Amino acid sequence: MSKIHLMWPELDKEMIDAAIQAWQNEKMVMGESVLKFEEEFAKYIGVKHAISTSSGTMALFLALMGSKLSKNSNILTTPFTFIATSNAIIHAGMNPVFADINLNNYLLDPKKSEDYLKENNTEGMMPVHLYGHPIDMDKFMELKEKYNLVLVEDCAQAHGAEWKGKKVGSIGDFGAFSFYSAKNMTVGGDGGMVTTNDDEAAEKIRSLRDCGRKDKYTHIYVGYTARLNTANAAIGRVQLKRLDAWNERRREIANMYRNLLADVEEIALPPEDTHGKSVYHLFVIRTKKGERDKLKQYLNENNIEIGIHYPLSNNMQPVYQELFGFKGGEFPNSEEAAKNVLSIPMHPGLKNDEVKYVAEKIREYYSR
Ligand SMILES: Cc1ncc(COP(=O)(O)O)c(C=O)c1O
């Protein structure tokens with residue numbers, strides 16, 4: 001079996017042609033394709049506004065900057081996510097504060113969030129739809145109302161995921177998406193998108209990402225150069241057309257893994273959908289203590305690429321230990337997940353035979 005990749009971005013001829021057309025016929029920056037991509041993305045998510053940005057981190061950051069939150073606001077988020085989630089809060093001059101995850105689904109725990117909110121002044125929340133699994137938005141919307149919070153959904157890993165029929169990114173005050181090359185859809189490089197129904201915030205974010213412009217030489221904010229390039233938007237438009245079919249294939253692969261691994265007692269499989277629809281950005285299993293790295297090595301030796309998302313929860317990252325004085329032990333579920341999770345190959349281009357081979361090698365490891 002030739003190498004089985006963990007993830008693999010799709011880039012077909014239609015996408016490459018669209019980028020070339022955009023370079024040849026449009027402004028390289030803020031061309032027609034950018035506006036069309038934003039319109040189409042807003043329609044897809046089911047919101048009034050989608051504002052493209054240069055990355056997912058910038059999308060999170062600009063959502064906070066466009067909101068009514070002021071500097072030094074406390075924003076509750078999860079320590080078990082890519083560090084960009086909480087970095088965006090710091091860049092916005094605000095303070096990330098954390099509650100632990102639920103070990104069954106690796107997502108910010110609503111009960112632990114409420115325990116924190118009861119005791120501490122908090123102005124905003126940034127839950128993450130990690131691995132493509134929609135978080136329980138009923139519970140987080142309840143917390144938003146009860147504690148009067150701005151809610152930014154980190155949808156970087158969840159393009160097209162749904163909670164009770166609604167797309168993530170359309171439920172809270174803001175959604176923020178990443179189009180980094182490994183995501184469920186990409187723009188052929190870095191990119192991001194903010195989604196919102198808030199007209200005033202949308203206008204501010206549009207200006208902020210474009211040097212704080214009102215028009216070409218009038219600036220109303222200290223803005224940023226955080227735009228999505230036109231050729232990337234042109235690729236994004238074609239990717240968006242393919243997204244639903246790709247996500248369907250991801251769900252099919254997830255079901256195959258579930259069936260093939262159901263009786264392997266030594267591992268925990270990802271949570272099943274209840275009221276939502278996961279888009280399986282990653283298929284993450286959890287091993288018993290001390291087994292993860294051995295299983296990883298075995299799969300690597302058998303030509304299977306493996307990922308770990310993430311080997312450190314953010315309270316264990318050197319930069320946050322220095323900044324916030326974390327010592328470890330603050331978020332036991334996140335720390336345990338970081339030690340035992342393993343991402344196995346998941347992308348729409350995987351063949352059924354490859355899925356079966358991966359499952360077979362996992363079974364083989366445990367039956368030796
Ligand atoms: C959960 C999460 N949040 C934020 C980001 C940041 O996105 P970007 O890399 O596009 O800045 C990523 C991905 O990289 C992510 O996975």
Side-chain angles (χ1 to χ4, degrees), residues 6-7 9 37 41 50-65 75-92 94 96 98-99 101 105-108 124-135 137 140 151-161 168-169 172 174-195 205 208-209 224-229 232-233 235-236 239 250 270 278-284 307-315 317 319-320 334 337-338 341 343 346-347:
L6 175 65
M7 26 179 85
F37 184 36
F41 199 82
I51 306 119
S52 60
T53 59
S54 52
S55 71
T57 308
M58 283 312 284
L60 288 165
F61 164 76
L62 289 172
L64 293 170
M65 297 296 285
I75 313 294
L76 180 70
T77 188
T78 163
F80 193 59
T81 175
F82 185 55
I83 197 166
T85 307
S86 33
N87 280 352
I89 299 171
I90 300 171
H91 294 317
M94 302 176 192
F98 302 99
I101 56 165
N105 60 14
Y106 312 107
L107 305 174
L108 185 59
M125 245 181 342
M126 198 183 268
V128 181
H129 304 292
L130 195 73
Y131 305 154
H133 296 305
I135 204 165
M137 285 306 291
F140 281 91
L151 198 165
V152 180
E153 299 174 61
D154 182 337
C155 308
Q157 303 188 1
H159 318 68
V168 303
F174 300 93
F177 294 81
S178 163
F179 300 124
Y180 173 68
S181 52
K183 303 301 192 212
N184 285 36
M185 65 171 282
T186 179
V187 291
D190 278 318
M193 192 80 83
V194 183
T195 51
I205 294 166
L208 279 174
R209 63 105 192 249
Y224 305 86
T225 302
R227 297 165 300 231
L228 180 67
N229 290 315
N232 293 107
I235 294 174
Q239 291 256 334
R250 284 174 183 272
S278 172
V279 290
Y280 291 97
H281 171 56
L282 295 165
F283 193 92
V284 176
I308 294 178
H309 301 88
Y310 296 91
L312 289 179
S313 58
N314 288 331
N315 60 310
Q317 289 291 354
V319 59
Y320 282 9
S334 297
V341 291
S343 310
M346 171 55 87
H347 58 86

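Numbering of ligands and ligand atoms starts at 1, following listing order. Worth saying up front: this structure is predicted, and the values here are computed from it rather than measured. All residue numbers in this chain count up from 1 along the given sequence. As a basis for the values below, the full set of heavy atoms in this structure was taken, side chains included, without hydrogen atoms, waters or symmetry mates.
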In terms of heavy-atom contacts, does OH of Y310 have more than 12 from other residues, nucleotides or ligands at under 6.0 Å?
-> yes
Do F41 and S52 pass the side chain to side chain contact (heavy atoms under 4.5 Å, CB included) test, and can you show the C-alpha distance, the side-chain angles, and the key distance before you say yes or no?
-> CA-CA 9 Å; F41 199 82; S52 60; over 6 Å; no
Report the member of C155, S55, A84 with the shortest heavy-atom distance to atom 5 (C) of ligand 1.
-> A84
Of all the non-hydrogen atoms in the protein, which one sits nearest to atom 15 (C) of ligand 1, and at what distance?
-> A156 CB, 3.5 Å
What orientation do Y106 and F80 show, parallel under 30°, tilted 30 to 60°, or perpendicular over 60°?
-> tilted
Numbering as shown, the atoms of ligand 1 that approach G56 to under 4.0 Å (heavy-atom distance) = 7 (O), 8 (P), 10 (O), 11 (O)
Enumerated ligand 1 atoms positioned under 4.0 Å from heavy atoms of D154 | 1 (C), 2 (C), 3 (N), 4 (C)
Do the side chains of R209 and V194 get nearer than 4.5 Å, heavy atoms only?
-> no
Below 6.0 angstrom between ring centroids: does that apply to F82 and Y180?
-> no
Among all protein heavy atoms, pick the one closest to atom 16 (O) of ligand 1 and tell me residue, atom and distance.
-> Q157 NE2, 2.8 Å
Between Y224 and F61, what is the ring plane arrangement, given parallel below 30°, perpendicular above 60°, and tilted in between?
-> perpendicular
Counting from 1, what ligand 1 atoms have a heavy atom of T81 closer than 4.0 Å?
-> 1 (C)
What distance do D154 atom CG and T57 atom OG1 have between them, rounded to the nearest 0.5 Å?
-> 9.0 Å
Taking only heavy atoms of S178 into account, list the atoms of ligand 1 that are under 4.0 Å away from them.
-> 7 (O), 8 (P), 10 (O)
Per-atom contacts of ligand 1 with V128, taking only distances under 4.0 Å to non-hydrogen atoms = 1 (C)
Ligand 1 to D190 polar contact by distance, N or O atoms, under 3.5 Å = no
Do the ring centers of H159 and F177 come within less than 6.0 Å of each other?
-> yes
Distance-only N or O hit between ligand 1 and T57, under 3.5 Å | yes
So which of M126, M193, H309, K183 gets nearest to atom 12 (C) of ligand 1, if we judge by its closest heavy atom?
-> K183
